[in-house]
Each structure stands twice: as C-alpha cells, then as structure tokens.
Number of protein chains: 2
Amino acid sequence: MNSKSWLTALSEHGYRLTEARRAVVAIIHSSQRALTPLEVYDSARLAYPELGLVSVYRTLEKLEELNLIQRVHQPAGCQAFISSAEGHKHLLLCKRCGQVTFFEGDDLEPLIKSISRRTNYAISEHWLQLFGLCENCQKSGS
Amino acid sequence: MNSKSWLTALSEHGYRLTEARRAVVAIIHSSQRALTPLEVYDSARLAYPELGLVSVYRTLEKLEELNLIQRVHQPAGCQAFISSAEGHKHLLLCKRCGQVTFFEGDDLEPLIKSISRRTNYAISEHWLQLFGLCENCQKSGS
DNA sequence: TTCCTATTGAAAATCTTTTTCAATTATAAA
DNA sequence: TTTATAATTGAAAAAGATTTTCAATAGGAA
Ligand SMILES: [Mn+2]
Ligand SMILES: [Mn+2]
Ligand SMILES: [Zn+2]
Ligand SMILES: [Zn+2]
C-alpha cells in the first residue's frame, strides 16, 4: 500500500488533502520503525517547515481511526506509531534499533479455548508481540 | 504473597517503612484490577489523608523495581499497575470491569522458533495478552 | 472564480509526571 | 532511651505531553 492510497483514503472519508497532512503521511508511511508525534514533527518539518505539532497529532488521530497506522506499545513508552499491516498480523520489534517486522501464522486458538474454559471468560481479542535483535543488530556489538 | 511480605521486601532492599508506603501497598496489593497512580492516591487517602501524590509515584516506582507490581497496557491507556504474578504468566483482562486474571500454559516456542528462522531475529521476549468479558460481565447486559 | 467551511498554527489550557527543597521521621548506633 | 543521620515526605515549581480555543487561511465543490 503506497502513500498515495493513504491520501485517497483520507479524501474518501471527507478529509481534505492539505500540505500538513501530506507531510505527515509521507514521513510515517515510509518509516521502518515506530515514530512519536515529536519525531514525526521534526522529520516532516524538514520538507514542510510551516507544519505545526498540533497538526501532527490531528493527522495521526485520523490515520489511526482509518486503521492506516497503529500505536506501538513498548517498555520504554507507548506513544509511537507505525504503518499497519493488512490482515491479522503481529509485531516483532528489535530492542536495539527499533525496527518493526510484522509476522503471521500464530495459532492461538487452542490456547484461547483452553483459557476460556478454565476461566469462564468470553475471549474476543489478543495482543501478541515479540522482542529481540534484528539481523543487523546481532552483528554490531550489542 | 501477602501485603506484609511486600513491606519486608522493601525493607530488605534498604527502603524505610513509612506510613505513605504502607498506605500505597495496602491499596494496590489488594486490588483485583489495575489502578492508575491517581486511583491509588484517591483510595489510599481514605485511610491516610496526609498522603501526597508524589509519594504514590515514588512508591509505585520502587514496587515495580522489585517486581512486586507491573504496568498494564490497554487500548485506553498504559499508566495502570497491578500486583505481579509469580513465574511466567500472562494477563487476561475483562474489557468491561477491568478485572485482571493471570494464566499460564502458553507454549509459544514452536511459533517463536519459526518466526526466528523466517526473520533472522534473535527473539528473547514476548508479550501476550488476552481480552474478553469475565463471567459476571457476560451476565449483566454488556 | 466564488463561496463555504474544514483546517491550520499560535497560544493558552489541561493533564501527567518529575524535580526541588526545607521539614519530618525511620532506623541504627550510642 | 536518647541521639544522630540520612532517607523520606508533601508542597510547590518545573517539565512534558496532549488538547482546546480561536482568528486566519486554504481546499475543493459549484
Ligand atoms: Mn494472532
Ligand atoms: Mn502500552
Ligand atoms: Zn535492530
Ligand atoms: Zn468483568
């Protein structure tokens, strides 16, 4: 999914395509790691210096609402966002460089059924996230 | 693990046992759901009105450091804390009342090995969390 | 082009968390 | 018990993060 399709999605939902939004979309769409609002602001201002931090918050809010980005929870903090993957995927995060990789293929059904039986909960959602070192970061001294 | 053993643990690590700490420990130790610093403050002040919010933050910090409590991440926010379970356990959360239940018995090893092979990551940690409705909340109209 | 209103950025307001600091108090030593 | 000392406290200030307000601007339908 390219950056143009995000703009189309915004437009189709009645949101206007402004310079501020284009700048924010360009940055977060192309990032391999999760970015905080302030990081998005700093990067996007290189191309569009008039940008306000408020517009970054407002654009991230809309992108999240349209499921184009998602918040990433980490021990260090939970304010960063990354492009969403399509379909049911989970996150694998490099503890050193922050690179985000999506994976699929978890089969938690047996576990969920068993926990559900044991606890009498009606389970409807799950969060699974793996942490480690990416190939590059294993090479360079950790 | 009772609330007295938390005080012992604090003491054994060189921390003094003060009224403020006792009040915070009493509240968070006995809670079935994750509490924010402000919620701890409000509850604990009922028994000890001189308590300051700063001391709540400072005590939570120490309890987390000693692994007696842990931060709970939820869609609505990530500032709340709950007593830690012993051993390797994961969280099951009621989306309605917030009740926290720990479970074990996840076997993610095959998945982790497979993802590790596919991505060349050295995977060292995982977060797994289930969400649903507890028995009570299923009965009462959701 | 014109018109309407969604959107903007600056500034202020609000919330949350941390730091500073003088007074107090837990604890170990006498 | 009393004393000495350093950890701890709560108030206040500071720092940070996010949201709200508002007058000016600019996107896009007509
Ligand atoms: Mn899954
Ligand atoms: Mn989180
Ligand atoms: Zn890495
Ligand atoms: Zn419930």
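Just so we're clear, the structure is a prediction, and the values are computed from it rather than from any experiment. Note on naming: letters A, B, ... go to the chains in the order of the sequence lines (proteins, then strands), and numbering restarts at 1 for each one.
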Describe the nucleic acid contact of A:E19 in one word from base, sugar-phosphate, nothing, applying a heavy-atom distance below 4.0 Å. nothing

Given atom CZ of A:R22 and atom P of C:dA6, what is their separation to the nearest angstrom? 19 Å

Pair of N/O donor and acceptor under 3.5 Å linking D:dG10 base with B:R58 side chain: yes

Counting side-chain heavy atoms from C-beta on, which of C:dT17, D:dT19, D:dG10 comes nearest to B:A20? D:dG10

On DNA chain D, compare the nucleotides closest to B:E50 and A:P37; which residue's is nearer the 5' end? B:E50

Mutual orientation of the aromatic rings belonging to B:W6 and B:H29 [parallel < 30°, tilted 30-60°, perpendicular > 60°]: perpendicular

With sugar-phosphate meaning primed atoms plus P, OP1 and OP2, does A:L38 contact a base, only sugar-phosphate, or nothing at under 4.0 Å between heavy atoms? nothing

Under 4.0 Å, counting only non-hydrogen atoms across every strand here, what does A:Y41 touch: a base, just sugar-phosphate, or nothing? nothing

Name the closest nucleotide to the A:Q79 side chain, picking from D:dT9, D:dT18, D:dT8. D:dT18

Closest to the side chain of A:Y57, out of C:dG9, D:dA17, D:dG10, is D:dA17

Look at the side-chain N and O atoms of B:T18 and state whether any lies under 4.0 Å from the OP1 or OP2 oxygen of D:dT9. yes

Going by an N to O cut-off under 4.0 Å, is there a salt bridge joining A:R118 and B:E104? no

Is the distance between the ring centroids of B:H73 and A:W127 under 6.0 Å? no

If the cut-off is 4.0 Å, is B:R16 near the phosphate of C:dT25, judged by side-chain N/O to OP1 or OP2? no

So, B:H88 versus B:H126, ring centres under 6.0 angstrom or not? yes

When the nearest nucleotide of DNA chain C is assigned to B:S11 and to B:L53 on a heavy-atom basis, which residue is associated with the more 5' position? B:L53

